[in-house]
Protein chains: 2
Amino acid sequence: MAKRASKSPSSILEVATLAQVSTATVSRVLSGRRTKDDDIARRVRRAAADLDYSVNYAASALRSDVTNTIGLVIPSATDSFSAGLLDELEPTIDGGSRQLLLGIGADEAMQTDRIDALCSRKVDGLIAVTSAGADLSTVFDKYADEIPIVQVGGRQRSFRTNMVSIDENTAMEAIIRHLAGQGVRSVAYLAGKEVSFESAELFAMFHTQVRAAGLATDSDWNRFGDSTVQRGFDCTIRLFGERGHPDAIVCADDTIAFGVMMALHALGMNVPEDIKVVGYNDSPIAAASLPTMTSVRPPYHRIVEETLRLIEAGPGHPSHVSLPPELIVRASSTKR
Amino acid sequence: MAKRASKSPSSILEVATLAQVSTATVSRVLSGRRTKDDDIARRVRRAAADLDYSVNYAASALRSDVTNTIGLVIPSATDSFSAGLLDELEPTIDGGSRQLLLGIGADEAMQTDRIDALCSRKVDGLIAVTSAGADLSTVFDKYADEIPIVQVGGRQRSFRTNMVSIDENTAMEAIIRHLAGQGVRSVAYLAGKEVSFESAELFAMFHTQVRAAGLATDSDWNRFGDSTVQRGFDCTIRLFGERGHPDAIVCADDTIAFGVMMALHALGMNVPEDIKVVGYNDSPIAAASLPTMTSVRPPYHRIVEETLRLIEAGPGHPSHVSLPPELIVRASSTKR
DNA sequence: GTGAAAGCGCTAACAT
DNA sequence: ATGTTAGCGCTTTCAC
């Protein structure tokens, strides 16, 4: 590349000259490492503003080993959780002078690759949303005592990194309690993928909460499967071919719930009058469905808050934070 | 922050020592600025691999003014176009040694702020998806001759920057031609927001294409409005209270088309047998609806290709590329 | 084609 | 508290 075409940006030396102080003082004032707000400080700030000065991050990073960047790795931008997190995270990070470096990796190999790339850039902190089934403990451990790492959601694999996750148990409790409050007596659960540990765990929580609330369920109603519209549709059609049916269907994902609602419509059942439906993840289709769908929303704001707190804390003090999600009550589960 | 806890990463000097050459040669070999692949080159690469060496980007950037980063500004990660672009862009950029710096700004002020931040980081190129109604020409012009800037989609405001956009006319032509091929004789159009220039333009294209294909339409059928499910639903209900109805409904957005399909279902009409429906944007709901929805998909791959090509070209040669989108034909518009 | 050496802009260490 | 100075790791002249 040719040298910057127009005027090169002003350097700290020019600011120092204009403010009649040393470059060290300018650095100290502008980075807030100097306490007082006296005449000198004002002169420096004034000069910096006049010259439209902004630090050269490359030089700053080279000297101080602080890059003012945070790395984020996600499985895909179209993943609704990652997108929600991103929208909440970016403004919070960028409020200061930090910037977000993004890496996208659909599987374990790609995610590992991206984490290597981000760490070789010496990001000040790394946030990772692991893709389904990926085990990043090896690469996490590799950098764990150099930079703070926070895994958001998923299953914890490395015990040398921080973890911010969603308290699914509280979510399930909120769902069941809400349904009981709406007069529901019996409830079915359409779980996620059979092989997944998380699905099994959620399924167990469902049973616990149903029992605790004094509701009924039936093992024939509850099935594992893919998180697709088709699967929700098929399961529902099958459900209504059997002897009895529940007052409510709880689904492990909004897409399943969506298929459920389409099937109920086809069967001539009204939601929520005849049967109530609850989804999970609060994806865009939850608000776009007809009727609008009750769903569980990850507490993005608190997730970001905790994640950044753990990054400030620096490497070496791994801790685990579990946050209760928010139940977004909409038309599909409300008695009228 | 304390000095790196563990072993500090190896420097170019160590590589040079091990390979028994000067640091200059190492730099040249590793950056590909040296032609031959002789013994020296091999020795250097070998030494670099052995020491697990990777360049210090801060030092490299400080010296050469090349940061190996690309800045991207989008209105929101939950915007389906931005997410689709991101998923296609990241692997392409990251294939080399470049990294993606992301900025999110919902409105003109925020986007301007993010662009300033990215440019003060001296990104090697800037890609922007402007939020609806935002005019970024001022900030674009400010940096236009320092770094290459590419605006993706939206309305062109600055004539000093590159533009990669979607050829909506071709899209409309493809839709109408497809419908005509499915035996459709008359067609309605549910347009986007009334105030928008883009909506008006698309509406005009619709009329042109309908006429060219020898199809019929009716001014009472065609309405402007919000891109929401409710709006599609309401417009459809109203449509069928009138004297005649079309064989097909084309919508300016998938969410509108979705509402249309729900209304048709409620009216006892079958899609696609009785009436065909086409959406726009190929958002997740298009593939998730029942029947699956024919929609228009932005050509992400080509968009990224052209965008990066324009960035390689450097600043100062603004050009405009218009790319034909892809019509994704699904069940909602296919005769059976 | 290769090596020696300068220096990018900044901050940390040290001296005052 | 402020100034002086060295040097972070790299790329790029410049000389050979």
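Order of the sequence lines fixes the chain letters, A, B, ..., with proteins taken first and strands second; residue numbering starts at 1 for each chain. Just so it is clear, the structure is predicted and the values come from calculations on it, not from any experiment.
Among residues two or more places apart in sequence or in another chain, the ring pair (Phe, Tyr, Trp, His ring centres under 6.0 Å) test is passed with A:Phe81 by A:Tyr300. For the side-chain hydrogen bond (donor to acceptor under 3.5 Å, both in side chains) test, no residue two or more places apart in sequence or in another chain qualifies with B:Thr17. Partners of B:Thr69 under the side-chain hydrogen bond (donor to acceptor under 3.5 Å, both in side chains) rule, at least two apart in sequence or in another chain, are B:Thr67. Contacts of A:Arg34 classified as side-chain hydrogen bond (donor to acceptor under 3.5 Å, both in side chains), with partners at least two apart in sequence or in another chain: A:Asp38.
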Scan the side chains in residues 125-136 of chain A for donor-acceptor partners under 3.5 Å anywhere in the protein, sequence neighbours excluded, and list what turns up.
residue: A:Ser131; atom: OG; partner: A:Ala106; partner atom: O; Å: 3.1
residue: A:Asp135; atom: OD1; partner: A:Ser137; partner atom: N; Å: 3.0
residue: A:Asp135; atom: OD1; partner: A:Ser137; partner atom: OG; Å: 2.8

Residues 18-29 of chain B side chain polar contacts: donor-acceptor under 3.5 Å, at least two apart:
residue: B:Ser22; atom: OG; partner: B:Ala24; partner atom: N; Å: 3.4
residue: B:Ser22; atom: OG; partner: B:Thr25; partner atom: N; Å: 3.3
residue: B:Ser22; atom: OG; partner: B:Thr25; partner atom: OG1; Å: 3.3

For residues 9-16 of chain A, tabulate all N or O donor-acceptor pairs below 3.5 Å that involve a side-chain atom, not counting sequence neighbours.
residue: A:Ser10; atom: OG; partner: A:Leu51; partner atom: O; Å: 3.0
residue: A:Ser11; atom: OG; partner: A:Leu13; partner atom: N; Å: 3.2
residue: A:Glu14; atom: OE2; partner: A:Ser11; partner atom: N; Å: 3.1

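One atom, CG of A:Asp38, and another, P of D:dA1, lie 10 Å apart when rounded to the nearest Å. Distance CG (B:Leu62) to P (C:dG7): 14 Å, rounded to an integer number of Å. Rounded to whole angstrom, the span from the CZ atom of A:Arg121 across to the P atom of D:dC10 amounts to 13 Å. Distance CD (A:Gln20) to C1' (D:dG3): 15 Å, rounded to an integer number of Å. Between B:Asp65 atom CG and C:dC10 atom P the separation is 12 Å, expressed in whole Å. Atom NZ in A:Lys122 sits about 13 Å away from atom P in D:dC8, given to the nearest Å. One interatomic measurement links the two molecules: CG of B:Leu13 to C1' of C:dA5, which rounds to 13 Å at whole-angstrom precision. Rounded to a whole Å, the CG atom of B:Asn56 is 12 Å from the C1' atom of D:dT11.
Fit an axis to the five pairs at each end of the helix from C:dG1-D:dC16 to C:dT16-D:dA1 and the two axes sit 30° apart, to the nearest 10 degrees.
Both A:Ser54 and B:Ile40 lie close to DNA chain C; mapped to their nearest nucleotides by heavy-atom distance, the more 5′-ward contact belongs to B:Ile40.
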Quiz prompt | Contact pattern, 5' to 3', of nucleotides 11-16 of chain C - B, S or - by protein heavy atom under 4.0 Å | solution = BBB---

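At distances below 3.5 Å, not a single donor-acceptor pair connects side-chain atoms of A:Glu88 with backbone N or O atoms of A:Thr92.
Side-chain N/O atoms of B:Arg34 include none lying less than 4.0 angstrom from OP1 or OP2 on C:dG1.
Of the candidates C:dG1, C:dG9, D:dT2, D:dT2 carries the atom nearest the A:Thr25 side chain, counting heavy atoms from C-beta on. For B:Ser22, counting side-chain heavy atoms from C-beta on, the closest listed nucleotide (C:dG3, C:dG9, D:dT4) is C:dG3.
A salt bridge does not link A:Glu312 with A:Arg309: none of the charged nitrogens is closer than 4.0 Å to a carboxylate oxygen.
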